[in-house]
Amino acid sequence: INKRTIVLSMGDMSGNFKMGGNSDPIVEYEAMCNASKAFYFVQGNHDYHNTKSDNLRNSDGTWCCVNSRVQTTLIGTIGGVNGIIATGIKPPRPELHIFDKQVYNNRLADVLAMKPDILLTHQPITWSLFLDAPRLHLYGHSHADDKSFFRPGSINCDGRILQIQN
């Protein structure tokens, strides 16, 4: 990663390299932001919420965290939604970005209404619930290539960071 690289992350950058570990990834976020041309991310269910992460900006002034935002970037408009739906987890845990289904879907619908070119989510999306899909949807969390979430333009990036060289 260098100053010509744009980095996209779909969550779970924390955990001190332990499978299922939870922690605050602000150190990793700051390192990515400083090393790259631009860094954009959403947080996963293993990333503790930290308001410092919400306010991190790239050198061009764009927000690094695209949760509930859509902004113009060098590679198109990017928007995103943090976290996952609390399936079987009661109560939801917002500090770990684990939300009630209706809350999550409302936030996703709000972002999609802004028509991003690129959507970053941690949770895979059941596209039949939404009319407008972006050109490109990148998601994490899904440890296998589950075909139930597949649609052209959706890519499972679980355990991966996507780099775009300029």
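Separation of atoms CE (Met32) and OG1 (Thr5) is listed at 10.0 Å; rounding is to 0.5 Å. Interatomic distance, His137 NE2 to Ile118 CD1, rounded to the nearest 0.5 Å: 12.0 Å. Here CZ of Phe41 is found 6.0 Å from CG of Leu56. Values are rounded to the nearest 0.5 Å. Interatomic distance, CD1 of Ile26 versus CG of Asn50, reported as 5.5 Å (0.5 Å rounding). Atom CG of Asn22 is separated from atom CG of Leu96 by 5.0 Å, given to the nearest 0.5 angstrom. To the nearest 0.5 Å, atoms CG (Leu138) and CG (Asn156) are separated by 10.0 Å.
Residues meeting the side-chain hydrogen bond (donor to acceptor under 3.5 Å, both in side chains) test with Lys115, sequence neighbours left out: Asp132. Considering only residues two or more places apart in sequence or on other chains, Arg57 meets the salt bridge (charged side-chain N to carboxylate O under 4.0 Å, His left out) condition with none of them. For Lys3, there are no salt bridge (charged side-chain N to carboxylate O under 4.0 Å, His left out) partners, not counting sequence neighbours. For the side-chain hydrogen bond (donor to acceptor under 3.5 Å, both in side chains) test, residues two or more places apart in sequence or in another chain that qualify with Asp117 are Thr77.
Looking at Arg93, His141, Gln123 one by one, the single match for side chain to side chain donor-acceptor pair (under 3.5 Å) with Asn45 turns out to be His141.
Listed by first then second residue, pairs satisfying ring-ring contact (aromatic ring centres under 6.0 Å, His included) with a partner in residues 69-98 read His49-His97, not counting sequence neighbours.
Considering only heavy atoms from C-beta on, Leu119 comes within 4.5 Å of Ile125 through its side chain.
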Give every donor-acceptor pair under 3.5 Å between a side-chain atom in residues 62-69 and any protein atom, sequence neighbours left out.
from	atom 1	to	atom 2	distance (Å)
Thr62	OG1	Tyr40	OH	3.1
Thr62	OG1	Asn58	ND2	3.1
Thr62	OG1	Asp60	OD1	2.6
Asn67	OD1	Asn82	N	2.9
Asn67	OD1	Arg107	NH2	2.4
Arg69	NH1	Asp54	O	3.2
Arg69	NH1	Cys65	O	2.7
Arg69	NH2	Asp54	O	3.4

